[in-house]
Amino acid sequence: MTASQRIARAILRHNRLFLLVLALLVAGLATGIPRLQFSTDNRAFFSRDNPEYRDLLALDAAYNSTDGLLFLLTPPEGAAFDPGILSALRDFTDDGWQVPYVLRVDSPVNLTLSRSEGDEILIEPLLPDTGPLALADATRFREGLADLDEAEGRFVSADGDAFGMSLQLVLPGTEAGRDEAAAHVDAMLGGWRAAHPGWSFRVTGGFLGGLALERIAIQDLTWLVPLAALMVVAVLLFMMRTIVGAITTLVVAICGTVATLGIAGWTGIVLTAGTAISPLSVLVLLTASCIHVLLSWMRALDSDGPDRAIETALEENLGAVTVTNLTTAIGFLCLNFSQAPPLRDMGNIIAFGLLVGLAATLVVVPAGLRFDRRAHAARIPITPAMMQGIATAILTRWKLWLWLFPVAVLVAITGILRIGYDDSIFRYFAPRTEFRQSADAIQDKLSGLDSLQFSFKAPDGSVFDPAFLASVDRFAEWLAAQPGVVSVTSIADILKRMNGAMTGEDAALPDSREAGAQLMMLYEFSLPPGHDLTSTIDVSRTQTRLIAGLRVASSNETRDLADRAEAWLAANEPAIASRASGVSIAFARLSQQNNRQMLMGLAVVLAA
């Protein structure tokens with residue numbers, strides 16, 4: 001008697017005991033499901049020792065750590081600069097200040113324009129803060145907006161038919177805070193649409209993307225997984241004509257799914273969009289294992305009795321099903337080579353679900369088949385004669401197939417060489433989703449949604465040092481000329497504009513540290529309420545941040561630009577050389593790191 005036969009007979013002999021143990025295990029794991037939590041924070045994709053994650057923390061420590069919202073406000077066609085439209089735009093800006101946790105609101109109506117008048121420098125808003133607006137106000141606003149280089153692509157579209165408004169929020173580190181802010185924004189947009197039917201409103205932002213991913217993940221978990229289970233039952237009923245087999249397969253799939261989610265709850269794994277769909281993988285893989293046992297049982301029914309057929313099916317498939325599930329679990333465990341914690345979590349919980357599902361396959365399926373006392377297998381749509389015909393066709397033309405397979409492999413290899421590493425939260429969504437449509441519309445009309453950030457530390461201890469400012473400005477000019485860059489904002493731009501207004505000459509950087517500090521103080525005093533420079537300059541005035549807005553087709557372009565920018569700084573401005581940072585480049589490099597680590601995991605799987 002072989003080992004498989006001994007184990008199979010032991011399972012059948014003590015089947016009730018094994019069923020009891022399995023039921024207690026699954027029930028215990030099920031109590032972990034209420035403990036599940038979802039995370040909408042995109043930083044959950046980074047491990048704590050990831051260099052890009054550390055760069056993000058360094059930015060947060062030096063400057064205001066905020067979450068951004070970007071609105072696209074499109075008025076009725078041909079009326080963008082009518083006084084009534086600008087009055088509504090002013091109201092939208094005021095409403096923006098009512099969003100929970102808002103720190104700053106930037107819109108066209110609170111921009112300022114600086115000019116010199118005699119010995120004085122005047123900094124005036126483009127639009128009056130209060131009161132009715134006249135045609136002269138609208139004309140002055142339009143002309144002033146055209147004079148501001150930084151306005152196009154950020155506050156107004158290139159063709160002047162749409163406006164942009166950005167909000168910076170300091171969200172609490174809780175999901176409730178994000179939900180509160182998102183709910184207020186939804187209600188605010190609803191009010192705008194009701195009060196201004198001729199307008200079109202779009203909004204996007206990183207934390208809104210996280211919330212949208214959470215909603216989609218929950219929808220998949222509550223709809224897609226049950227739908228897949230029903231489809232499995234339907235296919236089994238049609239193809240194998242066994243109600244008992246379909247039900248036992250469903251029970252096995254439920255055991256594996258419950259184990260997958262339950263272990264996540266008990267171990268404190270926070271579900272993300274990447275891990276929430278894990279039960280679907282477990283369901284599909286366990287269904288395949290059950291089908292192997294059911295097919296063997298159906299074949300054995302024609303020659304053996306019902307009880308012997310169950311024993312034969314278990315004996316024949318015990319080794320194959322066990323090895324298949326174990327190796328598949330090892331494959332998923334190799335996701336621990338990933339740099340992203342959600343991928344590691346997904347590998348671990350799927351592997352655990354497969355092991356529990358393996359036990360359920362070997363225990364539940366034989367127990368269930370005992371209720372089917374038929375003497376012969378039902379006639380199934382795919383008959384042995386059909387399979388024999390396929391086998392004969394292949395064997396009679398074996399030389400043709402022997403040549404076709406190497407060709408197919410070579411074609412596949414050329415496809416592998418074309419694989420790129422792309423990881424953008426906006427492209428996680430299908431074009432039919434509202435979030436993706438809003439993101440695409442905003443990117444078409446305004447600046448790109450991706451960005452690169454550089455934090456420069458002044459070697460002499462002051463960001464107003466002329467040599468330091470000149471270095472930052474040279475880099476800003478080089479960066480602005482690169483393909484895909486639609487805007488560059490830096491402290492040098494502010495100081496050049498202020499200095500030009502003060503002197504009445506062409507914009508140039510101040511020639512002394514003291515002059516730069518005085519100009520910046522004057523500029524800061526002139527900012528509207530709620531605005532400051534803490535997002536650009538740190539409190540100690542020793543570091544400053546440069547931000548480049550990008551319009552790129554993929555993360556490959558973001559990664560390439562960041563690499564070239566870092567190389568340019570190292571070669572031309574080594575005193576201020578810095579790494580590119582920000583969420584866009586962090587995800588772009590994370591996808592590349594993950595794929596490289598996955599190659600190591602693949603090698604381990606092949607070796608196993």
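We're numbering straight along the sequence, starting at 1. From a predicted model like this one, the values you see are computed outputs, not experimental measurements.
Side-chain contact check for Phe332 versus Leu285: some heavy-atom pair is nearer than 4.5 Å. At least one side-chain heavy atom of Asp440 sits less than 4.5 Å from a side-chain heavy atom of Arg436. With contacts defined as side-chain heavy-atom distances shorter than 4.5 Å, the pair Thr242/Ile247 does not qualify. For the pair Arg54 and Asp49, the minimum side-chain heavy-atom distance is below 4.5 Å.
The aromatic rings of Phe405 and Trp401 sit tilted relative to each other, their planes meeting at an angle between 30° and 60°.
A 6.0 Å sphere centred on CZ of Arg397 holds no more than 12 heavy atoms belonging to other residues, nucleotides or ligands.
Between Arg43 and Asp60, at least one side-chain N (NZ, or NE/NH1/NH2) sits under 4.0 Å from a carboxylate O, which counts as a salt bridge. A salt bridge links Asp563 with Arg589: at least one charged nitrogen is closer than 4.0 Å to a carboxylate oxygen.
Going from atom CG of Asn336 over to atom CG of Leu343 covers 10.0 Å, rounded to the nearest 0.5 Å. Between the OG1 atom of Thr558 and the CG atom of Asp450 there is a distance of 5.0 Å, given to the nearest 0.5 Å.
The closest donor-acceptor contact from the side chain of Asn50 to the backbone of Phe46 lies at 3.5 Å or more, if one exists at all. Judged by distance alone, the side chain of Asn317 and the main-chain N or O of Ala313 form a donor-acceptor pair under 3.5 Å.
Remark: Arg308 pairs with Glu311, Glu315 by the salt bridge (charged side-chain N to carboxylate O under 4.0 Å, His left out) rule, at least two apart or across chains. Under the side chain to side chain contact (heavy atoms under 4.5 Å, CB included) criterion, Val232 pairs with Leu236, Thr249, Leu283, Thr287, not counting sequence neighbours. For Phe352, there are no ring-ring contact (aromatic ring centres under 6.0 Å, His included) partners, not counting sequence neighbours.
For Leu36 against Gly265, the heavy-atom pair with the smallest separation is CD2-N, 3.4 Å.
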